[in-house]
A.B. asks: 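Here it is, the structure, as structure tokens.
Because only heavy atoms are used, hydrogens play no part in the values below, and waters and symmetry mates are left out as well, while side chains stay in.
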Amino acid sequence: MATHAVCAAVLMAISIAHAEAPGTSAEVAMTDSTPAALAVTKRVAITSVMVSFQASTGGDKTNTSSMFAAKTDASSTLVMPDMDPKLLGEIADDIYMQLQADLNANGFEVLPESAVLGSAGFPTIISNAGIANFSKFGNMEGDTMLVSPGSLHPYLPFSPETGKFASPTKNLIKGWFSGMGGKSSTEGGPSSISVAKTWDLPGLEVALAKELNANLVKATYVVMVGSTNASVDRFSSTHHNTYTGSAFVQVGLRPEQTRIAFRTPAANPKGESAPGGYKANFGNNSPPAKDGDVVVSLTAPLLGGTDFFALEGGEKKGGMGKFLGVLSGADAQFVYTASISDPAAYHEEVVGMVKVAQRDMLALVKQ
């Protein structure tokens, strides 16, 4: 049996500017809808601002085999299990304030938050679909932390409207979930079962839109943590298997799921469904979310900086994944742990990227 010779490469970019990193524009498009339905009223009520901070990614096995040798494989996982709730909460609060300003700048009349909180319909929505703030959850890429502004109780869309990406299919950080069925380890957090049972939610949102005589606005941002790569060289000059793992830490906004959704008073109370997916130029193929009858989405990654992260990495071997909290099964497992080394710069970068994305998304529905 060939011995394991391990080469782990940790890749870090050195000089990417902060708030200017995303560039001057974002690639955006309407998702299976047009802005025509928004013309009935310029009144809007913000009911949800959800910032999903990716806490892990990777974990997929890269393998090789041949006619004369047994299959061998490697995996590389990037995790960021320790994120300051105060920092994340302040970012969500600033995004909420920016959204209100951007909606006003694009011709919408934003109802005060008190109108939403004091309505008859919003508490019913929270009773049906509400979750705890700072909930640990997951998606198709890995673990995530769900964060909303402190003054606005968070809730999740009905799962058929978000498509397969929002299902917690990977658990790469030990303790992020508890029990079976993709249940958050956060008290009051969601589970894959609970988000699939809120079938009344679209109708409740339509009822609230009618009560407020306004289009409901729900803004969702998926903040990426980076990417990984793993490979196996079975025919290296050492005549041994050479396993290579790498992690690249970079903040960004994920396409397809980063979106602004409107639910109008005339929307179908039975809800929408994620359209038949297109492949963005990044990551896995998943259909864009459509949790409203008018939705505008980011269609390509909006990438930011790297120089406010610290990264530590190492290799974990064969079959230890279930104990380490990473995907098990690969012969060589590389696990890299990221942390935010410059919170102020990270804060500035995320809010700056959201500002770019919101500006360009709302330009498509300007009143």
A.B. asks: Going through the distances and angles, do Val49 and Leu99 end up as a side-chain contact (heavy atoms from CB on, under 4.5 Å)?
C.D. replies: CA-CA 9 Å; Val49 176; Leu99 177 62; 3.9 Å; yes

A.B. asks: Just by distance, no angles: are the side chains of Thr198 and Tyr155 close enough, under 3.5 Å, to form a donor-acceptor pair?
C.D. replies: no

A.B. asks: Any side-chain donor-acceptor pair under 3.5 Å between Glu113 and Tyr96?
C.D. replies: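 Note: Glu113 and Tyr96 side chains meet the donor-acceptor criterion.
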
A.B. asks: Do Leu364 and Val354 belong together in a cluster built from hydrophobic side chains that touch within less than 4.5 Å?
C.D. replies: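 Yes.
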
A.B. asks: The test is side-chain contact (heavy atoms from CB on, under 4.5 Å); show your working for Ile46 and Gln100 and say whether it passes.
C.D. replies: CA-CA 8 Å; Ile46 301 172; Gln100 295 173 68; 3.6 Å; yes

A.B. asks: Pair Asn133, Ser148 - check side chain to side chain donor-acceptor pair (under 3.5 Å), show working.
C.D. replies: CA-CA 6 Å; Asn133 208 357; Ser148 284; 4.6 Å; no

A.B. asks: Would Asn139 and Gln54 count as having a side-chain donor-acceptor pair, cut-off 3.5 Å?
C.D. replies: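 Side-chain D/A pair, Asn139 to Gln54: present.
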
A.B. asks: Could you check whether any side-chain N or O of Asn215 sits under 3.5 Å from a backbone N or O of Thr41, counting only pairs where one atom can act as donor and the other as acceptor?
C.D. replies: yes

A.B. asks: Determine, using the 4.5 Å side-chain heavy-atom cutoff (strictly less than), whether Leu117 and Leu204 are members of one ILVMFWY cluster.
C.D. replies: yes

A.B. asks: Check for a donor-acceptor pair, side chain of Glu211 on one end and backbone N or O of Gly121 on the other, with a separation under 3.5 Å.
C.D. replies: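 Yes; at least one donor-acceptor contact below 3.5 Å.
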
A.B. asks: Check whether Thr186 reaches the backbone of Lys136 with its side chain - one donor and one acceptor, N or O, closer than 3.5 Å.
C.D. replies: yes

A.B. asks: Do Gln358 and Tyr221 pair up side chain to side chain, a donor and an acceptor below 3.5 Å, judged on atom types alone?
C.D. replies: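 Short answer, yes.
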
A.B. asks: Exactly one of Thr77, Val79, Leu78, Asp82 should register a side-chain contact (heavy atoms from CB on, under 4.5 Å) with Thr337. Which one does?
C.D. replies: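 Result: among Thr77, Val79, Leu78, Asp82, Val79 is the only option passing the side-chain contact (heavy atoms from CB on, under 4.5 Å) with Thr337.
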
A.B. asks: Under a 3.5 Å cutoff, is there a donor and acceptor pairing between the side chains of Asp143 and Asn171?
C.D. replies: yes

A.B. asks: Can you establish whether the number of heavy atoms outside Lys218 located under 6.0 Å from its atom NZ is more than 12?
C.D. replies: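 Correct, the count exceeds 12.
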
A.B. asks: Is a salt bridge present between Lys170 and Asp60, judged by a nitrogen-to-oxygen distance below 4.0 Å?
C.D. replies: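 Asp60 and Lys170: salt-bridged.
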
A.B. asks: Can you confirm whether the side chains of Ser297 and Thr31 place a donor and an acceptor under 3.5 Å from each other?
C.D. replies: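 Yes, side-chain donor-acceptor contact under 3.5 Å.
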
A.B. asks: Between the side chains of Arg263 and Glu161, is the shortest nitrogen-to-carboxylate-oxygen separation below 4.0 Å, so that they form an ion pair?
C.D. replies: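 Yes, this pair counts.
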
A.B. asks: With a 3.5 Å cut-off and no angle check, do the side chains of Ser76 and Asn229 form a donor-acceptor pair?
C.D. replies: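 No, because no side-chain N or O of Ser76 sits under 3.5 Å from a partner of the opposite role on Asn229.
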
A.B. asks: Judged by modelled atom types alone, do Asp94 and His347 share a side-chain donor-acceptor pair under 3.5 Å?
C.D. replies: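 The answer is yes; a qualifying pair exists.
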
A.B. asks: Among Val222, Val295, Val28, exactly one meets side-chain contact (heavy atoms from CB on, under 4.5 Å) together with Arg259. Which residue is that?
C.D. replies: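 It is Val295; the other options fail the test.
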
A.B. asks: Please say yes or no: joined through hydrophobic side-chain contacts below 4.5 Å, possibly via intermediate residues, are Val206 and Phe122 part of one cluster?
C.D. replies: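 No; tracing contacts between hydrophobic side chains, which count when under 4.5 Å, never links both residues.
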
A.B. asks: Between the side chains of Ser135 and Ser184, does any donor sit under 3.5 Å from an acceptor?
C.D. replies: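 No donor-acceptor contact under 3.5 Å links the two side chains.
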
